Structures are given as C-alpha cells and as structure tokens.
Number of protein chains: 2
Amino acid sequence: MGTSERKEREKERKKALILKSAEALIFEKGLDNLNMDEVAERAEVSKGSLYSYFSSKTEIVLGICNKATGMLSKEISEVLTKDIPGIEMVYSIGATFLNFVRAHPEFFRSMRFFDNLKDTDQLSESDYIELCQSNINTSFTSMVRAIQVGMQDGSIQSSYDPKELAVLLWSTSHGLVNMAYLHQNTPHFQLLEKNNIDMNSLFEAYMKLIGCGIATEGDIVHDDLKLIFETEKK
Amino acid sequence: MGTSERKEREKERKKALILKSAEALIFEKGLDNLNMDEVAERAEVSKGSLYSYFSSKTEIVLGICNKATGMLSKEISEVLTKDIPGIEMVYSIGATFLNFVRAHPEFFRSMRFFDNLKDTDQLSESDYIELCQSNINTSFTSMVRAIQVGMQDGSIQSSYDPKELAVLLWSTSHGLVNMAYLHQNTPHFQLLEKNNIDMNSLFEAYMKLIGCGIATEGDIVHDDLKLIFETEKK
DNA sequence: CCCATTTATTGACTTTTAGTCATTTTTTGA
DNA sequence: TCAAAAAATGACTAAAAGTCAATAAATGGG
C-alpha cells in the first residue's frame, strides 16, 4: 500500500523541520538559550508533538551535533582528495578545523555538548549518538590516512605510530581551536589580547612546531602555509 | 569597637563554610547536579541567607573555580623552584596539569565552566572572576618563565617568542588534558580505547613532539620523562 | 462511503530548581 | 532597656523541561 513508507518519510521531513527551527534559534540566541517552547512555536507544532519527534532537548542538540560533525567530517575528507604531500594534508586538516569553528561557533558548541554528555543523560536511547560518533570517527580516520600518506610519500617520519600521532594532533588541535573559539566568543578570555598574539600566527607556529617534530628534513618549513591558510578560509 | 571587623571575619567564615559545603556536594554528585537547596541545607543556612552570601549559583561555582585555579597555580609555581633545566620545567608543568585534572576532575570542570561564561551571566558583578583570572595568569606566567629559563640555560631554542610559545603550549596541553578528562570521566568517549592508546604514553609522545620543536640538540630526547611523570603523580 | 480503530496532535498541567522578598529574629549601641 | 539596623528565614514566584488525558485526523475493512 505504501502508506507506512509515506508516513516514515513524512516523519523524517518533520524531524528535519524541527531541527531546522532549532538550528535557526541557536544561531539567533545561542545554544545556552535554546528553549523548547520556542522550538515548538518556530516549527509550528505543539510541545507534545515536538516531544513525540525528539525525546528531549538533549536529543535535539545531538541532532544539531550530528549535522555539525557531518559537515566537518565532509570538509576534512575532501582534504584527502587533494594532490599534496601527506604533511600538507595534516596542515590542511588543522586549518579546516579552525576555519570551521570560526565560521560556525554554535556548531562547535554543540560538539562540545556532545563531548560532555554524562551517563545520566539518556545516553543509550539516543538515535544521534552513534551518528555523531561515526562522524567524528570519520574525521579521525582522515587524520590517520593523511599521516599514512605522508609516511608513504616521505613527507612524514615513519618512526611514529600513525594512530597515536593522529590522537596527539587531534587533541592538541582541539586545544588550539578551542582557544580560538574562546577568543572569538567569550569576552573575558583575554589571554591572546593581553599578550598581543594573533590567532593566525599562533596557528602557523603550531604548524611549525608540529612540522619540526614529525616532518622529514625537506618538509619541515612549510613556506606556503600562509597561502593554504587563506585559501582554507574560502 | 572592632564590631565591624568581627562581622567581616564572620561573613568570610560563613562564605568559606558555604563553599566547603558546595564543594562536598560537587564531589559527591558532580557539578551538573549541584543544587542550591542542597547547598543551603548542607551549610545549615536558609536559602535566603545563602543568597545573601552568594548572589547566584554561578558565583558559587566561580568560588570553587577560584580554589581550583589557586591550587593549580600554586603547584605550577612550585615547578619553577626546582633546580632543573627550563625545558624540563616545561615538561613538569605539563605533567602537573595532567595530574591535577586526573586527581580533581570536578575542579577542572569548574575551570571549564569559568572559560565558558557568557556575558549574559552576571560577568562584571562577580567577586571571583578577577581572582580566577589572576590565578590563571599566574600559571601562564610560570609557563613563560620556564621558557625564559630554558632559553637562558640553553635547553630551549631562543628563536621563539616566549609568550607565543607559552600560549601554544598552554592551549595544546589544555587539549591533551581535556582529552584525558573525557577519557576518564565520560563513558562514551572511546577514542583512546578504540585505538589502544595509553594516556601516559600519549603524554610522553606530546613531550617528545614538543621537544623536537623547541629543545636544543642535547635536550631533545628526555630520557627521564617517565620518571618525572611518575614522581608528579605523587 | 461509513465508521471503528489506530495514529498524531494539542495545550493545560506537573515538576524541578533558581532566585526573591515580606516577615521574623538577632545584634548592636546609646 | 529598647529602638534601629543587620541577618536569617522559608514560603513564594518564575522559567523552563517534560507529561498526559483529551481531541482530531488518518486509515482501511466492509
């Protein structure tokens, strides 16, 4: 009869509509001020109906996080298609991440919300947790691949364990990017201002520091870094 | 007369008592589940009274953050008194930070809460914000000092700007330490488990990576790292 | 096309918790 | 001793997440 399939599609359409409304509200007022009554109003459904599509506010934010991590992992994956040495892929992935957070701070916030979920939140009942984890894993795998490419093409030292190195670059770049987020979005974060440090040059210094540690001789100094960096900014 | 001074002392004593109660509750139930009624009950004051000492829940958490950042900055400052090369001071500061977060995850949480304050929170009216900022600045200054010591004693390359390098180490170690926090405290964070990576060896790899970037020839490989590391763990 | 049954929608209601304030109690000092 | 000031109280308000009995809409067999 095809009725149930149509219903299923209709349901997905409405979930998407609700997520779109929530996303709009988050961009307008910030993730902290997201309000379920307002989401319902914006999506033109009743509160009860809203809760039949999303079991909790957390679930909605995870829906946003799914979109965020999906976008980011797609952008990061695209780096791997470039015809450049592995070490530059690593640089480019870092720049992609930084630019993503600058362009979409609230998406980044939803990602941190995901990171900080406690088991007390309805962890296992969520449809989106697995999707988010999968997206993040895709990004992480891209990082591992870039490192492996670099080891293959000789631009990255083969002495490291690719996965360990990937985790290291992953966590340190998170730290740097989080600082960029704080610098841009929280007014009382003054560390960069106070010390007259420009985020872009800090990022270049990070690349250089990493380069010294992992690149092979010829690739240590990455002269085009600034160029890549501006390109990434689209 | 001395009455007003006694009152002042009495007031401080009571604030400290309330903070102590809040701290106990945070350790028992986590920062997310901190409840003002329970704080009042634990501190044996009424809710109204509680609010005459602390203007908001945020203010209490900032009070905790003040203690946390104070403890950390003290521990970090002590590293500078050691008779070791600057590069090892840098390593030791990192290890101190990591061990602090492992030992006091809820304190670290309060520090992140501070980081993420929005201007919509009563930012300027807080007594503790300045104290927290000052504590953090003390820690940061210790890092700058360690780098300067290293440049003086020849264990760290002088080609870097000490402050920029300090910010870089600050933010990247935050990233690493945050990952350690997530690994230890959020069950669905599986990146390390999935890739069979041990946090301690990851930290050593971080030290090595930094070492390659900033140390002078003789100090690049830091053989005693593991030793220092265990010592730090107290 | 009708109507019984299932499915979806509604919004008033409950619950929780931060924060307030009129009232009461305690302290102060002349 | 007692009036005024300061501190303490807890019942109350407000805001927002989440629930559910009642209602409306869709479905599909006869």
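In what follows, chains carry the letters A, B, and so on, assigned in the order in which the sequence lines appear, proteins first and then strands, with residues in each chain numbered from 1. All values reported here derive from a predicted model rather than from experimental measurement.
In this structure, the CD atom of B:Glu10 is 10 Å from the P atom of C:dT28, given to the nearest Å. For B:Glu12 and D:dA7, the CD to P distance is 13 Å, given to the nearest whole Å. Here D:dA8 presents its P atom at 9 Å from CD1 of B:Ile18, a figure rounded to the nearest Å. For the pair B:Phe54 CZ and C:dT20 P, the interatomic distance rounds to 16 Å; values are reported in whole Å. Across the protein-nucleic acid pair, A:Glu38 atom CD and D:dA15 atom C1' stand 11 Å apart, rounded to whole Å. Atom CD in A:Glu41 sits roughly 14 Å away from atom P in C:dA12 (whole-Å rounding). In this entry the distance linking CD of B:Glu59 with C1' of C:dA18 reads 15 Å, nearest Å. Between the OH atom of A:Tyr51 and the P atom of C:dG11 there is a distance of 16 Å, rounded to whole Å.
At the heavy-atom level, B:Leu50 lies nowhere under 4.0 Å from the strands shown.
Every residue was checked against the salt bridge (charged side-chain N to carboxylate O under 4.0 Å, His left out) condition with B:Lys57, not counting sequence neighbours, and none meets it.
For the 3.5 Å distance criterion, the side chains of A:Arg112 and B:Asn116 qualify, holding a donor opposite an acceptor.
In this model, no side-chain donor or acceptor of B:Lys57 finds a partner on the base of C:dG19 within 3.5 Å.
Nearest nucleotide to the A:Ser46 side chain, out of D:dA7, C:dT10, D:dG10: C:dT10. In the set D:dA16, C:dT17, C:dT10, C:dT17 carries the atom at the smallest distance from any side-chain atom of B:Asn35. Out of C:dG19, D:dA17, C:dT9, the shortest distance to the side chain of B:Lys47 is found at C:dG19.
Among B:Ile60, B:Val39, B:Leu62, the single residue meeting the side-chain contact (heavy atoms from CB on, under 4.5 Å) criterion with B:Phe54 is B:Ile60.
A:Lys14 has a side-chain polar atom (N or O) that falls below the 4.0 Å cut-off from OP1 or OP2 of C:dT9. Under 4.0 angstrom from either OP1 or OP2 of D:dA7 there lies no side-chain N or O belonging to B:Tyr53.
DNA chain D is contacted by both A:Gly48 and A:Leu34; A:Leu34 maps to the nucleotide lying nearer its 5′ end (nearest heavy atom per residue).
Aromatic pair B:Phe27/B:His104: ring centres not closer than 6.0 Å.
A salt bridge links A:Arg13 with A:Glu10: the distance from a Lys NZ or Arg NE/NH1/NH2 to an Asp or Glu carboxylate oxygen falls below 4.0 Å.
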